[in-house]
Protein chains: 2
Amino acid sequence: MTSPETAPAALSNVAERRRDPEETQERLLDAAERLFGERGFDGTSLRAVTQAAGTSVSAAHYHFGSKEALLVATIRRRTEPITRARLERLERLEREAAGAPIPLERLLDAFLCPIFEYRAARGDHGETFRRIAARLFSDPPAVVADLKREIFGPTVERFMSALARALPERSSRSIALDLQFLVGVMVHVTSGHLEDAPDGGSVPSLAGLSDERVLGRMIEFVAAGLRAPDRQSGGALR
Amino acid sequence: MTSPETAPAALSNVAERRRDPEETQERLLDAAERLFGERGFDGTSLRAVTQAAGTSVSAAHYHFGSKEALLVATIRRRTEPITRARLERLERLEREAAGAPIPLERLLDAFLCPIFEYRAARGDHGETFRRIAARLFSDPPAVVADLKREIFGPTVERFMSALARALPERSSRSIALDLQFLVGVMVHVTSGHLEDAPDGGSVPSLAGLSDERVLGRMIEFVAAGLRAPDRQSGGALR
DNA sequence: GTCTATAGTTGGATAGAC
DNA sequence: GTCTATCCAACTATAGAC
């Protein structure tokens with residue numbers, strides 16, 4: 001049984017090792033997502049990741065090349081579908097509007113909804129995904145900064161134009177500033193800081209809120225902010 | 001003036017080493033603040049910190065006990081004066097109002113201004129401080145989570161009460177949610193993400209904006225959001 | 001494609017001289 | 001109070017067997 005013949009024969013116990021490569025990669029990505037999210041990039045050893053994935057350090061190097069490349073792959077796997085969904089929604093809105101300005105709330109929904117949708121669709125993974133989202137904004141590796149530009153750059157650009165049309169009385173610089181406020185809100189919420197916000201006394205816990213509830217209020221809140229005239233710049237009231 | 005008596009003996013070259021302990025501690029804190037801010041806690045070795053501070057690893061252990069304790073001290077040094085300033089401003093507003101509700105914009109100013117004020121007052125250090133602020137919300141060490149509760153808990157509680165009086169038609173849970181949106185905006189701005197936000201094309205750079213400009217617009221933006229009726233909960237319009 | 005073994009660094013922490 | 005020297009654990013990455 002131990003492979004007397006040449007090539008084709010005898011996968012007896014070798015078959016154990018020759019697992020599906022794609023499955024190994026996915027197990028690595030899942031483990032990396034969870035651990036990088038919990039302890040950060042520098043706080044997580046490659047060993048811990050491979051151990052959690054039930055494989056070896058060298059397997060990770062074979063598939064991804066380096067620890068940093070594994071991080072990049074981990075982030076990309078989640079952000080790409082979200083970016084795609086955002087742009088698709090925006091394009092559909094623009095198609096339907098046929099030149100007319102798109103209502104602010106619709107634009108914000110197109111930008112924000114895909115994150116929640118994706119989280120909800122992935123169940124448990126949604127919980128771990130949000131940590132990765134937070135890391136994207138604070139983890140040190142220089143690669144991440146480039147990745148952030150690559151991921152957000154085109155999307156922000158497209159939404160900026162749409163917002164400028166929805167808010168014709170505001171200067172583009174003022175809108176760009178508000179857009180960063182929006183990103184701040186989004187990151188904070190997506191990172192899961194709502195759940196562990198300090199409560200007690202007169203501060204009620206926010207742990208039980210549904211995604212729909214949070215998303216809905218976020219849109220109301222941000223839309224009101226965006227509509228508020230900017231008294232300092234070339235805004236409406238000037 | 002150099003007190004020759006008592007402590008009489010030979011400080012010949014030993015005097016070199018016997019530097020002012022408080023100054024050493026401050027140099028360590030400065031270096032830790034800069035490096036932890038740039039590369040994160042796990043991404044920064046204690047050796048790198050002590051080298052930048054011009055001292056030794058064992059000096060750091062002597063003064064702070066551990067790398068983690070050094071991080072805690074670094075954060076505390078900056079957050080304590082800010083928390084104090086926030087509460088002082090709030091108390092003064094409440095004293096002056098003498099029972100009447102305090103205008104929303106005043107409350108937001110009391111909450112947000114101290115950060116900018118502190119940054120401006122410290123010059124270069126203000127630039128590095130903001131990184132520490134960002135770390136506070138994402139760095140992995142478990143100590144940081146406790147520290148966050150300790151630092152923000154009482155302040156959030158006090159401001160929650162004041163906001164509830166300024167917005168009598170809103171439910172406290174809804175205000176608590178909005179307050180987290182506010183924190184998200186604050187963290188994002190304080191962390192310095194405005195400067196390296198993606199620009200180009202139709203997105204103007206935000207790098208040149210003054211603190212006053214950003215703070216002013218932040219208050220307008222957030223105040224409008226807080227005043228926006230919450231259609232889903234026990235808000236005004238219901 | 002996956003493993004074991006190991007190379008070569010670098011990490012936090014401590015002991016003991018001064 | 002500050003240093004030098006050192007311990008030992010843990011890390012990334014690679015080489016080579018299977």
Side-chain angles (χ1 to χ4, degrees), chain A residues 1-29 31-32 35-36 39-74 140-143, chain B residues 7-29 31-32 35-36 39-74 140-143:
Chain A
M1 276 297 178
T2 44
S3 96
E5 271 80 348
T6 55
L11 308 173
S12 64
N13 88 5
V14 180
E16 274 277 337
R17 327 186 114 199
R18 222 168 261 176
R19 291 183 286 195
D20 180 12
E22 288 192 13
E23 195 211 298
T24 300
Q25 289 181 36
E26 271 207 24
R27 284 206 319 277
L28 277 168
L29 288 171
L35 293 174
F36 287 158
R39 310 176 205 170
F41 180 74
D42 289 310
T44 307
S45 71
L46 197 51
R47 296 174 120 76
V49 174
T50 56
Q51 212 167 328
T55 181
S56 66
V57 178
S58 31
H61 271 99
Y62 174 80
H63 286 295
F64 296 98
S66 74
K67 188 188 174 186
E68 239 183 29
L70 174 60
L71 172 69
V72 172
T74 305
V143 214
Chain B
L11 308 175
S12 61
N13 86 5
V14 180
E16 275 277 336
R17 328 187 113 199
R18 222 166 262 177
R19 292 183 284 192
D20 179 10
E22 289 193 13
E23 194 211 298
T24 301
Q25 290 181 36
E26 272 208 22
R27 283 206 318 277
L28 277 167
L29 288 171
L35 292 174
F36 287 158
R39 309 176 204 169
F41 179 74
D42 289 310
T44 306
S45 69
L46 196 52
R47 296 176 129 79
V49 174
T50 56
Q51 211 168 328
T55 181
S56 66
V57 177
S58 32
H61 270 99
Y62 175 80
H63 285 295
F64 297 98
S66 73
K67 188 189 173 188
E68 237 182 30
L70 175 59
L71 173 68
V72 172
T74 304
V143 215

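Computation of the quantities below employed the complete heavy-atom set of this structure, encompassing side-chain atoms and omitting hydrogens, waters and symmetry-equivalent molecules.
Across B:Asp42 and A:Gly43, no two heavy atoms sit closer than the pair OD2-CA, 3.4 Å. For the residue pair A:Leu35 and A:Thr44, the shortest heavy atom distance occurs at O-OG1, 3.2 Å.
When the P atom of C:dC3 is taken as reference, atom CG of A:Leu46 falls 13 Å away, rounded to whole Å. The interatomic distance linking A:Leu35 (CG) with D:dC11 (C1') rounds to 16 Å, in whole Å. When the C1' atom of D:dC3 is taken as reference, atom CG of B:Leu28 falls 14 Å away, rounded to whole Å. Rounded to whole angstrom, the span from the CD atom of A:Gln51 across to the P atom of C:dT4 amounts to 11 Å. Computed from coordinates, the A:Asp42 CG to C:dT9 C1' distance equals 15 Å when rounded to whole Å. The CZ atom of B:Arg47 sits 15 Å away from the P atom of C:dT9 (whole-angstrom rounding).
Picking from C:dC3, D:dC11, D:dC3 the nucleotide with the shortest atom distance to the side chain of A:Thr55 gives C:dC3. Distances were taken from every side-chain heavy atom of A:His63 (C-beta onward) to each of C:dA13, C:dG1, D:dC3; the shortest belongs to C:dG1.
Other residues, nucleotides and ligands contribute at most 12 non-hydrogen atoms within 6.0 Å of the CD atom of B:Glu22.
Of the residues near DNA chain C, A:Gln25 and B:Thr44, the one whose nearest nucleotide (by heavy atom distance) lies more toward the 5' end is A:Gln25. Each of B:Glu22 and A:His61 was assigned the nucleotide of DNA chain D with the nearest heavy atom; the assignment lying further toward the 5' end belongs to B:Glu22.
Judged by atom type and distance alone, B:Ser58 reaches the base of D:dC3 through a side-chain donor-acceptor pair under 3.5 Å. A donor and an acceptor atom never sit less than 3.5 Å apart when one is taken from the side chain of B:Ser56 and the other from the base of D:dT4.
For B:Tyr62, no side-chain nitrogen or oxygen approaches OP1 or OP2 of D:dT2 to under 4.0 Å.
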Using a 3.5 Å cut-off and no angle test, enumerate the donor-acceptor pairs between side-chain atoms of residues 57-66 of chain B and protein atoms at least two apart in sequence or in another chain.
unit_1: B:Ser58; atom_1: OG; unit_2: B:Ser56; atom_2: OG; d: 3.4
unit_1: B:His61; atom_1: ND1; unit_2: B:Val57; atom_2: O; d: 3.4
unit_1: B:His63; atom_1: ND1; unit_2: B:Gln25; atom_2: NE2; d: 3.1
unit_1: B:Ser66; atom_1: OG; unit_2: B:Glu68; atom_2: N; d: 3.4
unit_1: B:Ser66; atom_1: OG; unit_2: B:Ala69; atom_2: N; d: 3.1

